[in-house]
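This structure is a prediction, so every number in the text was calculated from the model and none was measured.
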Amino acid sequence: QVQLVESGGGVVQAGGSLRLSCAASGRTVRWYAMGWFRQAPGKEREFVAAISSSGGRTYYSDSVKGRFTISRDNAKNTVPLQMNSLKPEDTAVYYCAVGPRGGATTFGGDYNSWGQGTQVTVSS
């Protein structure tokens with residue numbers, strides 16, 4: 001069974017940047033899509049970004065498109081999320097998860113093996 005650990009969260013001012021990382025252990029995730037999701041207080045979990053197993057296709061929510069970049073290093077079993085031009089509405093706990101084999105989806109129900117999350121707080 002795979003374990004996922006997110007890191008890189010913190011407090012940043014609006015307009016700043018953070019780089020989150022998701023490290024997988026226990027087994028390789030290179031054959032699976034990977035996704036990032038977030039959940040703000042009092043809100044439902046929402047899709048942020050996803051990447052196919054090869055890294056050739058990426059998907060973003062409209063709210064982060066053009067500001068966030070998802071990538072993967074299959075040799076290191078990691079999935080970074082570069083977040084630029086952060087806004088206060090990006091404040092949330094960010095989670096990574098293992099998706100379907102091959103292609104990525106934006107539906108959280110298709111993902112499993114969730115990490116414990118990392119807090120991102122953007123101050124105005």
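There is no path of hydrophobic side-chain contacts, each under 4.5 Å, that joins Ile51 to Val5. When hydrophobic clusters are built by joining Ile, Leu, Val, Met, Phe, Trp and Tyr residues whose side-chain heavy atoms come closer than 4.5 Å, directly or via intermediates, Tyr95 is not grouped with Leu81. There is a path of hydrophobic side-chain contacts, each under 4.5 Å, that joins Tyr60 to Val120. Hydrophobic clustering, with ILVMFWY side chains joined whenever heavy atoms are under 4.5 angstrom apart, keeps Leu4 apart from Tyr111.
Here the straight-line distance linking atom CD of Gln3 with atom OG of Ser113 works out to 8.0 Å at 0.5 Å rounding. With rounding to the nearest 0.5 Å, the separation of CZ in Arg72 from OG1 in Thr58 is 12.0 Å. With rounding to the nearest 0.5 Å, the separation of SG in Cys96 from CD in Glu6 is 4.0 Å.
For Asp73, the side chain to side chain donor-acceptor pair (under 3.5 Å) criterion is met by no residue, not counting sequence neighbours. A search for side chain to side chain donor-acceptor pair (under 3.5 Å) contacts involving Gln119 returns Thr121, not counting sequence neighbours.
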Considering only distance and modelled atom types, tabulate donor-acceptor pairs under 3.5 Å from the side chains of residues 34-44, sequence neighbours left out.
from	atom 1	to	atom 2	distance (Å)
Trp36	NE1	Val79	O	3.4
Arg38	NE	Glu46	OE2	2.5
Arg38	NH1	Asp90	OD1	2.9
Arg38	NH1	Tyr94	OH	2.9
Arg38	NH2	Glu46	OE2	3.1
Arg38	NH2	Ser63	OG	3.4
Gln39	NE2	Lys43	O	3.0

Residues 8-33, side-chain donor-acceptor partners within the protein, below 3.5 Å, at least two apart:
from	atom 1	to	atom 2	distance (Å)
Ser17	OG	Asn84	OD1	2.9
Arg19	NH1	Gln82	OE1	3.2
Thr28	OG1	Arg30	N	3.1

Quick one, Thr105 with Phe47, criterion side-chain contact (heavy atoms from CB on, under 4.5 Å). Give me CA distance, side-chain angles, the key distance, then yes/no.
CA-CA 9 Å; Thr105 76; Phe47 168 77; over 6 Å; no
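Listed by first then second residue, pairs satisfying disulfide (SG to SG under 2.5 Å) with a partner in residues 29-66 number zero, not counting sequence neighbours.
Considering every non-hydrogen atom in both Gly108 and Trp114, the closest pair reads O-CZ2, 3.7 Å.
Within the hydrophobic cluster formed by Ile, Leu, Val, Met, Phe, Trp and Tyr side chains joined at under 4.5 Å, directly or through other members, Phe107 stands alone, with no partner residue.
Remark: the backbone N or O of Arg57 is paired with a side-chain donor or acceptor of Ser52 at under 3.5 angstrom.
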